[in-house]
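Excluded from the calculations below are hydrogen atoms, water molecules and symmetry mates; all remaining heavy atoms, backbone and side chain alike, are included.
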Amino acid sequence: MHRQRVGGVQRLVNLPNEPDDTDELPLAKLDGNQLDLCGNTCWLKRFGDLGNGQDALQSGQMTLPPRQNFAAASEHERRHIASQLYAPLLPWQTRILALQLGHDLDTIICTLESADLISHEGVGLRSSSTIIPFEALSYSWGYPEFTARITCNGLAVPATQCLLHALYALRSPHTTRYLWIDAFCINQLDLSEKARQVRDILLIYEKAAAVIAWLGMPLARSQGPALEAVAYAWEQQAKHPQSAALRHKHSCQAQVGKFGLAFDDILSRPWFTRTWVRHEVFAAREMHLQLGTTTVPWEKFVRGTFHVQTQLGDMSVPPHEAATTAYRSLTVLAEATVDSVDGWTRAFGVLTNNILFGATDARDRIYGLIGMIFDKRDASVYPIDYERGVERVYQDLLAFFISTYRNLEALHIFRDYGETTAGIPSWVIDWRACHMLCLPSQVAKPGTFSDPLMQWDMVCRAGQLNIKGWKIARIRDDLIAMDDVVSKVGMLFHPDPEAGYLHFVNPHTGNHKFNVWWRSDFQTLLPFMQQIAYEPVSFDFDLPQDYKTSELNTPGWPRLYSGLSGRRGTGTRTGEVDGEGCPIQAAVVPIEFVMLASRAVKKGDLIVKLDGLQRFACVRKVSSSSSEYFFLGPVMLIMRNPLFYGVETHLTNNLACMEVRPRHFPVEQLSEQRYILV
């Protein structure tokens with residue numbers, strides 16, 4: 001035997017052709033700091049033992065339920081059953097499914113009862129005036145045909161095969177089990193009731209004693225053991241942190257391929273990429289994953305998955321596309337947090353992370369995340385209406401933020417504005433599409449409307465956003481070479497340090513964010529901007545002749561001029577002094593401007609200052625005679641002073657290139673007009 005040091009920990013290794021004599025050593029100290037990873041407590045060895053000795057199709061002595069082959073229930077049949085099954089609910093009520101005890105393949109029998117959402121633990125059953133704890137089921141509906149029947153309140157209620165199997169696995173042989181299941185506890189055909197219950201879903205999952213994530217039935221002998229082995233791997237890692245640096249022996253490595261295939265199938269299950277699951281994981285006090293009758297705690301599964309992935313490294317079987325997506329979505333689910341900042345910044349973070357998740361009903365990309373997007377105050381008043389189309393639902397989201405927070409920060413998104421969807425206004429994001437998105441971090445003092453008439457009902461009308469603005473510039477037809485911009489601009493300075501950073505989200509890498517801080521060179525910034533279809537464009541100011549762009553109201557510049565008053569062309573004295581007695585000078589040197597705008601802009605498009613938006617925006621007239629405009633996104637206007645560029649001091653390097661914001665442009669000399677964005 002020879003010793004090899006890996007990551008600061010010694011382990012025993014076998015040279016080629018040397019017999020392996022440590023197979024049965026337990027995970028314990030052999031001498032000093034030496035550990036044997038592959039003893040009796042090795043998770044791969046445990047997986048092999050379980051997989052060879054347990055038939056996962058009969059996991060926990062359970063026989064796989066037979067598939068019911070009823071004809072798919074029509075909507076007429078479902079409505080007829082619903083009229084007998086569901087009684088109207090009061091605003092503070094929901095329903096609880098009581099799953100009666102049974103054995104093996106006994107017929108599933110349950111009752112549905114109204115329950116009060118009380119302030120204490122559990123819910124109050126109306127029929128018996130008792131308070132009972134309950135569990136909530138989190139699952140994917142599966143194939144959306146109701147080809148199974150479940151006996152509930154004496155009725156043969158249409159259900160999916162997935163739900164039928166879940167109830168067989170969840171049923172106790174000893175006692176009634178109380179469950180909240182959306183497909184049963186909400187009358188899905190009553191859109192008004194569905195909207196009211198969706199608003200309470202976060203509360204329901206918070207009140208549940210436990211949330212059960214149903215993954216379905218195992219389809220191979222090794223899948224149940226694979227789920228157990230992952231949780232067991234984390235348990236052993238928690239007991240022996242040093243084992244993370246060790247490698248498995250050949251006797252255990254033989255199990256890697258089999259384990260990889262089994263676990264790949266588990267991660268490929270649709271539960272991991274379902275929008276509603278994010279809400280449920282976020283709300284759950286305690287959560288368990290269940291495959292057949294194999295159950296593991298959620299936290300052990302998550303930590304075990306990442307630990308196993310790290311430990312196996314290149315030995316593991318490359319997952320197929322569905323499992324790869326699940327790994328990325330699992331990262332999002334594992335965080336289960338929202339931005340502490342309320343408002344659009346929080347909503348944007350939640351919604352962009354949802355690109356990896358799917359929804360049968362596209363409206364649920366918003367409604368399925370209400371409790372995460374909003375704080376409790378806003379969630380209680382946000383309009384939920386399943387009678388509205390998808391386009392209107394996406395529009396309502398932005399309109400709500402615009403009217404509630406009194407600014408246009410919900411429009412402050414860098415993205416490809418060349419991608420349009422029929423029926424979606426140009427100022428509304430289509431959350432069904434796969435965008436590369438960028439949101440600047442929230443600044444200390446966001447812009448607010450100066451127009452007291454800006455109301456939510458007005459901006460919602462017919463997909464229009466009617467806003468006050470001022471014309472600043474017009475796009476020319478020529479583009480600027482990227483290399484030329486990089487060489488000229490160099491360091492970019494934001495006049496407000498609180499302005500933070502640009503926050504990029506790449507949908508192809510899931511929850512991976514790139515942050516470009518407020519002081520950044522263009523060599524770093526431009527590649528990200530190009531990914532979201534933003535390019536340098538040329539433009540001409542469209543301002544009154546007496547408007548002096550060289551006297552912009554930018555913080556920091558007057559003092560800079562006074563400090564460099566000996567340099568030729570720095571300016572002329574104004575007769576005023578700053579707080580330290582230094583003379584203030586007015587800029588008279590020529591100033592160059594560079595603009596980053598959406599690749600969708602064309603010659604003649606307007607650059608405008610919109611009331612309530614922190615950056616300038618580009619708009620285009622729908623037609624020459626129209627008063628309506630398409631919104632082409634925010635733009636970055638960069639001001640470069642050749643006099644200070646290249647001066648080797650910290651201050652002047654920062655101020656040589658500055659992003660100019662709308663508040664730096666006085667509007668007293670500009671003509672105000674209304675821009676109707678469609």
Pairwise side-chain contact, Leu97 with Glu113, heavy-atom cut-off 4.5 Å (strictly under): no
Check this for me, if you would: do Glu235 and Lys300 make a salt bridge, where the nitrogen-to-carboxylate-oxygen distance has to be below 4.0 angstrom? yes
Indicate yes or no for a side-chain donor-acceptor contact from Lys207 to the backbone of Gly122 under 3.5 Å, with no hydrogens or angles considered. yes
Distance-only polar pair, side chains of Trp431 and Asn354, donor-acceptor under 3.5 Å: no
Would you call Asp265 and Arg269 a salt bridge, using N to O less than 4.0 angstrom? yes
Checking the side chain of Ser329 only, and the main-chain atoms of Phe272 only, is there a donor and an acceptor separated by less than 3.5 Å? yes
Is any side-chain heavy atom of Thr175 less than 4.5 Å from a side-chain heavy atom of Leu101? no
Geometric class of the Tyr367/Tyr386 ring pair [parallel <30°, tilted 30-60°, perpendicular >60°]: perpendicular
Report yes or no: does Arg285 contribute a side-chain atom to a donor-acceptor pair with the main-chain N or O of Ala208 at less than 3.5 Å? yes
In sequence, state the C-alpha distance, the side-chain angles, and the governing distance for Leu89 and Ser114, and then conclude on side chain to side chain contact (heavy atoms under 4.5 Å, CB included). CA-CA 7 Å; Leu89 291 176; Ser114 298; 3.9 Å; yes
Let's go through Tyr205 and Phe282 carefully: what are the C-alpha distance in whole Å and the side-chain angles of both, what is the deciding distance for ring pair (Phe, Tyr, Trp, His ring centres under 6.0 Å) to 0.1 Å, and is it a yes or a no? CA-CA 9 Å; Tyr205 277 88; Phe282 174 73; over 10 Å; no
Closest approach of Arg78 and Ala73, non-hydrogen atoms and distance? CG-CB, 3.9 Å
Heavy-atom closest pair, residues Ser380 and Arg377: OG-O, 2.6 Å
Please report the C-alpha distance between Ile212 and Leu137 in whole Å, then the side-chain angles of each, then the deciding distance to 0.1 Å, and finally whether the side chain to side chain contact (heavy atoms under 4.5 Å, CB included) criterion is met. CA-CA 5 Å; Ile212 304 160; Leu137 185 66; 4.2 Å; yes
Ion pair present between Asp182 and Arg274, side-chain N to carboxylate O less than 4.0 angstrom? yes
Does atom CD of Glu299 have more than 12 heavy-atom neighbours from other groups under 6.0 Å away? no
Residues Ile366 and Ile373: closest non-hydrogen pair is O-CD1, 3.9 Å
Go through the steps for Thr94 and Gln197 under the test side-chain hydrogen bond (donor to acceptor under 3.5 Å, both in side chains), then give the verdict. CA-CA 7 Å; Thr94 187; Gln197 289 289 293; 2.8 Å; yes
Quick check on the 6.0 Å ring-centre criterion: do Trp298 and Trp234 meet it? no
Will you find, in the side chains of Glu145 and Thr160, an N or O donor that is under 3.5 Å from an N or O acceptor? no
May I ask you to test the Arg278-Leu369 pair for a side-chain heavy-atom distance under 4.5 Å? yes
Any salt bridge linking Glu135 with Arg177? Criterion: basic side-chain nitrogen under 4.0 Å from a carboxylate oxygen. yes
Separation of Ile204 CD1 from Cys185 SG (nearest 0.5 Å): 8.0 Å
Measuring centre to centre across the rings, with the benzene-like ring taken for any Trp, is Phe146 within less than 6.0 Å of Phe70? no
Let's go through Phe357 and Leu333 carefully: what are the C-alpha distance in whole Å and the side-chain angles of both, what is the deciding distance for side chain to side chain contact (heavy atoms under 4.5 Å, CB included) to 0.1 Å, and is it a yes or a no? CA-CA 10 Å; Phe357 296 81; Leu333 293 173; 4.0 Å; yes
Tyr394 versus Arg365: any side-chain heavy-atom pair under 4.5 Å? yes
Residue pair Cys110 / Ile150, side-chain heavy-atom distance below 4.5 Å: yes
Taking the side chain as C-beta and beyond, is there a heavy-atom pair between Val157 and Arg149 under 4.5 Å? no
How close do Ala233 and Val308 get, heavy atom to heavy atom, and via which atoms? CB-CG2, 3.8 Å
Quick one: does His279's side chain have a donor or acceptor within less than 3.5 Å of a partner on Gly371's backbone? yes
Using only atom types and a distance under 3.5 Å, with no angle test, would you say the side chain of Asp375 pairs donor to acceptor with the backbone of Asp378? yes
Does any non-hydrogen side-chain atom of Ile118 lie less than 4.5 Å from one of Val123? no
So does Leu397 get a backbone contact from the side chain of Tyr382, meaning a donor-acceptor N/O pair under 3.5 Å? yes
Test side-chain hydrogen bond (donor to acceptor under 3.5 Å, both in side chains) on Trp276 and Ser138 and set out the steps. CA-CA 8 Å; Trp276 281 102; Ser138 171; over 6 Å; no
I would like to know whether Glu286 and Val211 meet side chain to side chain contact (heavy atoms under 4.5 Å, CB included); could you show each step before the answer? CA-CA 6 Å; Glu286 180 181 331; Val211 175; over 6 Å; no
Without swapping roles, check the side chain of Arg328 against the backbone of Leu356 for a donor-acceptor pair under 3.5 Å. no
Output yes when a side-chain donor or acceptor of Asp364 lies under 3.5 Å from a complementary backbone atom of Ala359, and no otherwise. no
Within the distance-only criterion (no hydrogens, no angle test), does the side chain of Asn187 pair as donor or acceptor with the backbone N or O of Leu189 below 3.5 angstrom? yes
Pi-cation contact, Phe184 with Arg95 (under 6.0 Å, within 45°): no
Quick one, Leu227 and Phe301 - any side-chain contact, counting heavy atoms below 4.5 Å? yes
